[in-house]
There are 2 protein chains.
Amino acid sequence: MFLRVVLKENFLSQAISIRNMNKGQVTIKDIAKELGISPSTVSKALNGHPDISKDTKQAVRDLVKKWNYVPDPIALSLKGGPSRIIGVIVPEIVHYFFSTVISGIEDWANDAGYHVMFCQSSEQYLKEVKAVDTLLSSRVDGILVSVSKSTNDFSHLRKIVEKGIPLVFFDRICEEIDADRVIVDDETGGYVAAKHLIEIGCKHIFHLSGLQRLLIGQGRKNGYMRALREHNFQVNENDIIDCDNMEEAAVIVPELFKRPVKPDGIFAVNDLTAVAAMRVIMELGYRVPEDVAIVGFTSGLMSDVTNPTLTSVEQHGYMVGREAARLLIERLENPRELPKKTVIIKTELVKKGSTDRKK
Amino acid sequence: MFLRVVLKENFLSQAISIRNMNKGQVTIKDIAKELGISPSTVSKALNGHPDISKDTKQAVRDLVKKWNYVPDPIALSLKGGPSRIIGVIVPEIVHYFFSTVISGIEDWANDAGYHVMFCQSSEQYLKEVKAVDTLLSSRVDGILVSVSKSTNDFSHLRKIVEKGIPLVFFDRICEEIDADRVIVDDETGGYVAAKHLIEIGCKHIFHLSGLQRLLIGQGRKNGYMRALREHNFQVNENDIIDCDNMEEAAVIVPELFKRPVKPDGIFAVNDLTAVAAMRVIMELGYRVPEDVAIVGFTSGLMSDVTNPTLTSVEQHGYMVGREAARLLIERLENPRELPKKTVIIKTELVKKGSTDRKK
DNA sequence: TTGAAAGCGCTAACAT
DNA sequence: ATGTTAGCGCTTTCAA
């Protein structure tokens, strides 16, 4: 009897289908009407509810396929269900590191059936606050954040947690908030970088350091200092200079070479600074790596393109992104309250021309 | 009398406020309850409906501000209203050009009160199709697309238009679909690049060309050919080699220097290829720019970092993004059917070391 | 000038 | 095994 209904209605299906297609999506109602059953039955059939007959389920599934029905995520999230969107806030998309992180996030999230919504803070606290509001009002299921350089007040991030929305920090974390974290092993990176400079014979190793307010700045510097100490070098505070971008490097680096004790090795907090330093140094007439060896941090495209190529600490941004997404989705799909995790992504020294001293 | 009600209710406001905050957002209902009026009145007051009294409007506005009420965009878009989200599909976020485009889109869209949702196709047709579904099911108000290299079938993009959702192409456009477009003036870019090589005295100018299926590949090549012709050079098809990435350049470029007539000028379809070519050429023992001058396309960070620095055609990605967002939002806010526009962003030759022949 | 009711697409408790 | 109802937050007739 059920089948008869279907057959009878079938004459109309084409017309109905077309009408609804134009209007937008096919709805659960259309399916129900076509099959002569109620919307809730359709809903249950679709969700594999146990007490719907096999025949009905099959009929629903067939029509769903035929009409290309897709449940409306908006309606779902209005109901309070998950939106299956995860929000991401990064400081700057143009940075190679962050763009690789984003790729990692996207790939993992898409594979798990989530969509991703990106916002950038442009390193501005206010934009970061706004981004949080944007994401919350879009009902994202969870949020991934790498905090901006100018963020000192964390109440907007705390608000996320208070709303019960899973939060994962990556790279630039906030220590004050208990959340999952994915960090790069900056300390070891800094250590290995400085150690390498020591091993190739540098005696006066300077560090162009990042913002000490950020953990990544601290970590890289601490690693540098540890390497020096462990190799019986004296750590000289004057050899650590705040300088984390090309513009500053252009001004600051020449000053270093006016000192009585000039650097013969430089570890810079990022590739851009390293590259700018290298440029300046060569313009001053020193040879790289013979007179001055240089190590950067991030190992983006940049490091292959300079002459000499730049030895740098690879951060594995893609992995950072994947792990961050994985952590978040794990929590989304497994809501019991487990202790927060911190994943540390290993860094890796990639040796290239700027430290390649033929012995 | 109205005011009395408000005052009376005020004792409870704190408690109510807190309860609702926890549960999520303040709703229009809460405002109504607090003020002792109906939700529909609140809605009208908020939307400046003419027949709501001034007092009511004011009271509503005050409480809205006090309780920090924000209308729920999900509910709005369920109602069929705009989501105020615009969707963007780019081939690869890691490309400097696209990341600057994204910045431009984000800035303009945010200023206009829109949120942005990004997807990347990773140059894969299937991911592009999926991205379209993602965005449509998220009820975006409009979509910006730069088509992937592997896309030959455009039905997924046509679907967007058929659903009545404004579509704007940027950079990699689809000619078959009538839509707003923002393109870079590739032809002129190619022209100026080749002309510059001619002017500095190159006699044998080769072109490392991009995919000819893409308009950008065609445009750059056409500009190159026009420059040659206009300067009475013979255009030799053998001097135009398909080669648009570092890996290919590493293999192909050395071959060029085994020919009887070697290039003394190279115009590459993008910076990465140009940089790779430059590297290879210098390794072969030629001097840049003295023996071989090189021009790239895009002028990203890359071009400042090489030695010599790379002369390149600036594409103004940020502007492309802004214009694309502007075009889309213009259409969203002005729905009458106007003819489609094409905005052309001028390119600009940025002369640097790789063509700097001291005369 | 305000309110009640219906409906956007969907689900879930509660009938039948 | 299937249907009815109510409700998520909001807007919008239509009635009062």
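Per chain, numbering begins at 1; letters A, B, ... match sequence-line order.
- For B/D180, the side chain to side chain donor-acceptor pair (under 3.5 Å) partners two or more places apart in sequence, or in a different chain, are B/R331.
- In this structure, the CG atom of A/L78 is 9 Å from the P atom of D/dC10, given to the nearest Å.
- Rounded to whole angstrom, the span from the CZ atom of A/R139 across to the P atom of C/dC10 amounts to 16 Å.
- Rounded to an integer number of Å, the gap from NZ of B/K54 to C1' of C/dT2 is 19 Å.
- Between C/dA12 and A/S43, no contact under 4.0 Å exists linking OP1 or OP2 to a side-chain N or O.
- Counting to the nearest Å, the P atom of D/dA15 and the CG atom of B/D51 are 16 Å from each other.
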For nucleotides 4-7 of chain C, tabulate all protein N/O to nucleotide N/O atom pairs closer than 3.5 Å, reporting atom names and distance.
from	atom 1	to	atom 2	distance (Å)
C/dA4	N7	B/S40	OG	3.4
C/dA4	N6	B/S40	OG	3.2
C/dG7	N2	B/K79	NZ	2.1
C/dG7	N3	B/K79	NZ	3.0

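- With respect to the salt-bridge test (charged N to carboxylate O, under 4.0 angstrom), the residues B/K159 and B/D133 qualify.
- Ring geometry for B/F118 against A/F118 counts as tilted: the plane angle lies between 30° and 60°, on a 0 to 90° scale.
- Atom NZ of B/K57 and atom P of C/dT1 are 9 Å apart (whole Å).
- Sequence neighbours left out, the pairs with a member in residues 72-84 of chain A that pass side-chain hydrogen bond (donor to acceptor under 3.5 Å, both in side chains) are A/D72-B/R139, A/S83-A/D141.
- As a whole-Å value, the separation of B/I74 CD1 from D/dT11 C1' is 16 Å.
- Between D/dT2, C/dC10, C/dT1, one nucleotide has an atom nearer to the side chain of B/S53 than all others, and that is C/dT1.
- Which of D/dG9, C/dT2, C/dC10 sits closest to the side chain of B/T41 comes down to C/dT2.
- Residue B/S77 places none of its side-chain N or O atoms closer than 4.0 Å to OP1 or OP2 of C/dC8.
- Listed by chain and number, the residues in a side chain to side chain donor-acceptor pair (under 3.5 Å) with A/E323 are A/R326 (sequence neighbours excluded).
- Between A/P71 and B/H49, the residue anchored closer to the 5' end of DNA chain C is B/H49, taking for each the nucleotide with the nearest heavy atom.
- Residues passing the side chain to side chain donor-acceptor pair (under 3.5 Å) test with A/Q124, sequence neighbours excluded: none.
- Nearest to the side-chain atoms of B/L76 among the listed nucleotides D/dT2, D/dG3, D/dC10 stands D/dC10.
- Counting to the nearest Å, the P atom of D/dT11 and the CG atom of B/N47 are 5 Å from each other.
- Among the atoms of the strands shown, only primed sugar atoms or phosphate atoms (P, OP1, OP2) are found under 4.0 Å from some heavy atom of A/D72.
- Not one side-chain nitrogen or oxygen of B/T27 sits closer than 4.0 Å to the OP1 or OP2 atom of D/dG9.
- Computed from coordinates, the B/I31 CD1 to D/dT11 P distance equals 12 Å when rounded to whole Å.
- Residues meeting the side chain to side chain donor-acceptor pair (under 3.5 Å) test with B/S38, sequence neighbours left out: B/S40, B/T41.
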